[in-house]
2 protein chains.
Amino acid sequence: MAGRAAEPEVIWARPERAGRGPRPAFSRQDVVDAAVRIADADGIDAVSMRRIAADLGCGTMSLYNYVPRKEDLYELMVDAASAEYVFPDRPSGDWRADMTDLAYQTRAIMYRHPWLSRVMTTAYGFSPNALRYLEWSLGCLTPLDVPAGLKMQLIAMVNGTVMATVRNEQAMAERARGLPWSEAEEQAVRGAYLMGQVASGRYPHLAALLAEAAAPADPEEIFALTLSRLLDSFTPTGPAGERGDAGERVTPA
Amino acid sequence: MAGRAAEPEVIWARPERAGRGPRPAFSRQDVVDAAVRIADADGIDAVSMRRIAADLGCGTMSLYNYVPRKEDLYELMVDAASAEYVFPDRPSGDWRADMTDLAYQTRAIMYRHPWLSRVMTTAYGFSPNALRYLEWSLGCLTPLDVPAGLKMQLIAMVNGTVMATVRNEQAMAERARGLPWSEAEEQAVRGAYLMGQVASGRYPHLAALLAEAAAPADPEEIFALTLSRLLDSFTPTGPAGERGDAGERVTPA
DNA sequence: CGTAGTTACGTACACCGTACGGAGTGGGGT
DNA sequence: ACCCCACTCCGTACGGTGTACGTAACTACG
């Protein structure tokens with residue numbers, strides 16, 4: 001029998017090697033690294049088993065000795081990206097600052113690997129590096145005196161917000177990759193359509209909004225503000241009082 | 001020339017018919033409806049041009065008379081789902097209640113069409129029904145005295161939160177669709193792996209959390225709480241005071 | 001030293017999106 | 001009234017995908 005039995009299993013628990021036959025030419029990590037390299041360079045759609053094999057210099061079907069299904073490869077890629085988090089020795093004691101740093105790290109990683117926003121379907125699975133991330137986050141949140149479930153909630157919401165933001169930014173760029181015209185043209189055409197619709201008078205509130213905020217705000221600042229606001233909503237005492245309107249934005253590390 | 005020139009265009013602006021030749025056998029909406037039916041029944045991956053054509057009883061390539069590219073079909077599907085929002089004659093005046101209702105509607109729509117969470121990449125494009133949604137949302141927010149940009153922010157975050165939540169719930173189910181074993185088995189195997197990892201002692205905080213919240217909280221309540229908390233963070237006066245801890249949760253319409 | 005369990009991988013299959021071109025159709029311009 | 005041509009319909013074909021299966025080579029264990 002060549003293939004392994006199709007039994008339920010988690011890719012993380014699958015042993016990489018069972019010591020009997022000839023020694024493998026690559027490691028599972030080699031395969032994942034190649035996939036990540038391709039995705040970084042040419043987008044996630046360029047990651048095909050044949051392409052990986054070609055880059056690695058082996059037969060296509062050999063890859064299936066390292067990865068049972070392509071979907072598992074995606075999980076492994078996300079885990080590989082999650083390995084890029086850098087944590088200090090211990091939490092600073094200021095959970096708000098720590099969570100802010102985490103959010104900025106997440107964003108940086110997603111910028112480094114634009115395919116992440118497409119592949120990372122669930123907020124977080126339980127890959128080794130996801131567990132590491134979760135453990136660290138919970139450590140940061142020990143000073144915060146709220147029920148455990150709420151902490152998970154906070155983590156999920158911070159992650160979700162960062163993911164949604166970045167995904168939003170990247171969606172059009174990724175879409176433009178497969179389009180027979182340039183991203184700028186696409187953006188122009190869509191903008192023109194929007195303007196036309198708004199000019200039709202059917203959307204007075206939207207028109208008012210566009211008139212008021214003619215110059216779109218700095219996305220960087222929006223991100224910081226959103227994050228700050230989100231963390232506020234988990235602060236037991238409430239956001240009132242100490243925080244000024246343009247106040248003390250926590251900067252990335 | 002059979003095909004239309006590959007010029008930048010928005011699918012919403014593309015005229016459905018240009019009155020010259022024989023009258024089409026279907027409308028664009030027919031095609032979209034068929035796609036939605038298939039996606040509802042057999043998942044988004046079952047939506048192929050051949051399958052749609054088969055369901056419609058026409059040749060595969062005929063579909064390209066109605067939809068220029070398959071990706072546009074996705075946009076049309078999202079727009080079709082967005083048409084399911086039901087808005088009262090006018091906002092209630094209580095923006096918090098209105099936004100809560102919107103969030104619950106979004107969630108309901110995503111439950112009705114489990115493929116939405118996979119297809120709706122960007123928080124919101126500018127499809128006709130997305131504009132309608134946006135216009136209504138802004139109308140609901142007129143009582144809220146904050147800068148226009150912040151209102152957009154609020155809308156985006158509410159949407160993002162709902163999407164993230166539902167996506168999270170549905171990710172495994174969708175994944176299980178293509179797996180050679182059942183979703184229950186998958187869940188069991190993953191749960192077992194998680195328990196094994198936690199039992200290893202490498203994740204003390206996570207272990208503590210799992211011990212504390214042995215019975216996972218009701219997702220329904222979590223959703224309501226998260227939403228409430230999020231809206232709090234946009235309330236100018238701050239959440240302090242009037243809201244009790246277990247207090248007045250707004251129920252879906 | 002077999003031999004059983006692995007690795008490597010060529011071939012093949014089913015399916016995908018869609019480019020292309022030909023046939024049939026019917027409305028608009030003359 | 002006519003014809004022309006834009007248009008709809010769609011069969012065929014191409015280049016791509018994930019991966020099941022079978023065979024050959026290899027190595028650690030009994």
Side-chain angles (χ1 to χ4, degrees), chain A residues 1-7 11 14-28 30-31 34-35 38-39 42-77 119 175 177-180, chain B residues 1-6 14-28 30-31 34-35 38-39 42-77 119 175 177-180:
Chain A
M1 255 160 279
R4 206 177 285 251
E7 284 176 15
I11 179 70
R14 169 186 262 238
E16 183 153 2
R17 189 169 147 58
R20 195 61 161 281
R23 71 179 36 183
F26 310 100
S27 71
R28 181 179 292 167
D30 288 335
V31 176
I38 295 171
D42 298 336
I44 188 68
D45 291 329
V47 177
S48 74
M49 297 309 254
R50 290 181 228 280
R51 170 75 187 274
I52 298 172
D55 278 27
L56 243 39
C58 70
T60 305
M61 293 311 292
S62 306
L63 299 179
Y64 286 90
N65 287 314
Y66 305 95
V67 172
R69 265 164 293 105
K70 186 175 185 204
E71 209 172 326
D72 289 308
L73 184 61
Y74 288 146
E75 280 197 61
L76 288 163
M77 289 173 72
V119 166
R175 177 191 154 92
R177 222 181 250 276
L179 249 42
Chain B
M1 258 160 279
R4 205 176 284 252
R14 168 186 263 238
E16 182 153 4
R17 191 169 144 58
R20 194 59 162 278
R23 73 176 38 184
F26 310 101
S27 71
R28 180 179 293 169
D30 288 334
V31 176
I38 296 170
D42 298 335
I44 189 67
D45 290 329
V47 177
S48 74
M49 298 309 254
R50 286 163 168 78
R51 170 75 186 273
I52 298 172
D55 278 27
L56 242 40
C58 69
T60 306
M61 294 311 292
S62 306
L63 299 179
Y64 286 91
N65 287 314
Y66 305 94
V67 173
R69 264 163 292 104
K70 188 175 182 206
E71 209 171 328
D72 288 308
L73 184 61
Y74 289 146
E75 280 199 61
L76 289 163
M77 289 173 72
V119 166
R175 176 192 155 91
R177 223 181 249 276
L179 250 41

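Convention: sequence-line order gives letters A, B, ...; per-chain numbering from 1. Bear in mind that the values here come from a model prediction, so they are computed numbers and not experimental data.
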A/Pro24 to A/Tyr66 - nearest heavy-atom pair and separation = CB-OH, 3.4 Å

Once you round it to whole Å, what is the distance between C1' of D/dT8 and CZ of B/Arg28?
-> 15 Å

Residue whose nearest DNA chain C nucleotide is more 5′ - A/Gly59 or B/Val47 = A/Gly59

Nearest listed nucleotide, side chain of A/Arg20, among C/dA8, D/dG18, D/dA28 = D/dA28

Gap between atoms CG and P, on A/Asp45 and D/dG16 respectively (whole Å) = 14 Å

Touch class at under 4.0 angstrom, heavy-atom based, for B/Ser62 against every strand present = base

Among the candidates C/dT18, D/dT19, D/dC9, find the nucleotide nearest to the side-chain atoms of A/Met49.
-> D/dT19

Rounded off to whole Å, could you give me the CZ-to-C1' distance for the A/Arg23 and C/dG5 pair?
-> 16 Å

For A/Met77 and A/Ala39, which heavy atoms make the closest approach, and how far apart are they?
-> CE-CB, 3.7 Å

Of the listed D/dC9, D/dG18, C/dA8, the closest approach to the A/Tyr66 side chain comes from C/dA8

Side chain of B/Met61: nearest nucleotide among C/dT7, C/dG17, D/dC10?
-> D/dC10

Going by modelled atom types, is there a donor-acceptor pair between the base of C/dG17 and the side chain of B/Arg69 at under 3.5 Å?
-> no

Heavy atoms of B/Ile52 and B/Ala34 approach each other most closely as CG2-CB, 4.1 Å

Nucleotide D/dG15, atom C1' - distance to CZ of A/Arg51 in whole Å = 16 Å

Could you tell me whether the phosphate oxygens of D/dT17, OP1 or OP2, come under 4.0 Å of any side-chain nitrogen or oxygen in A/Ser48?
-> yes

Is any side-chain heavy atom of A/Leu76 closer than 4.5 Å to a side-chain heavy atom of A/Arg28?
-> yes

Among C/dC9, C/dG17, D/dC9, which is the nearest nucleotide to the side chain of A/Cys58?
-> C/dC9

Check every strand shown and say whether A/Ala25 touches a base, only sugar-phosphate, or nothing at a heavy-atom separation below 4.0 Å.
-> sugar-phosphate

Given atom CG of B/Leu179 and atom P of D/dG18, what is their separation to the nearest angstrom?
-> 17 Å

Locate the shortest heavy-atom distance separating B/Arg175 from A/Asp72; write the atom from each residue and the value.
-> NH2-OD1, 3.5 Å

For A/Lys70 and D/dA20, what is the distance between atoms NZ and C1' respectively, to the nearest whole Å?
-> 17 Å

Nearest-angstrom distance from the residue atom CG of B/Asn65 to C1' of C/dG26 = 15 Å

Please give, in whole Å, the distance from D/dT17 P to B/Arg50 CZ?
-> 16 Å

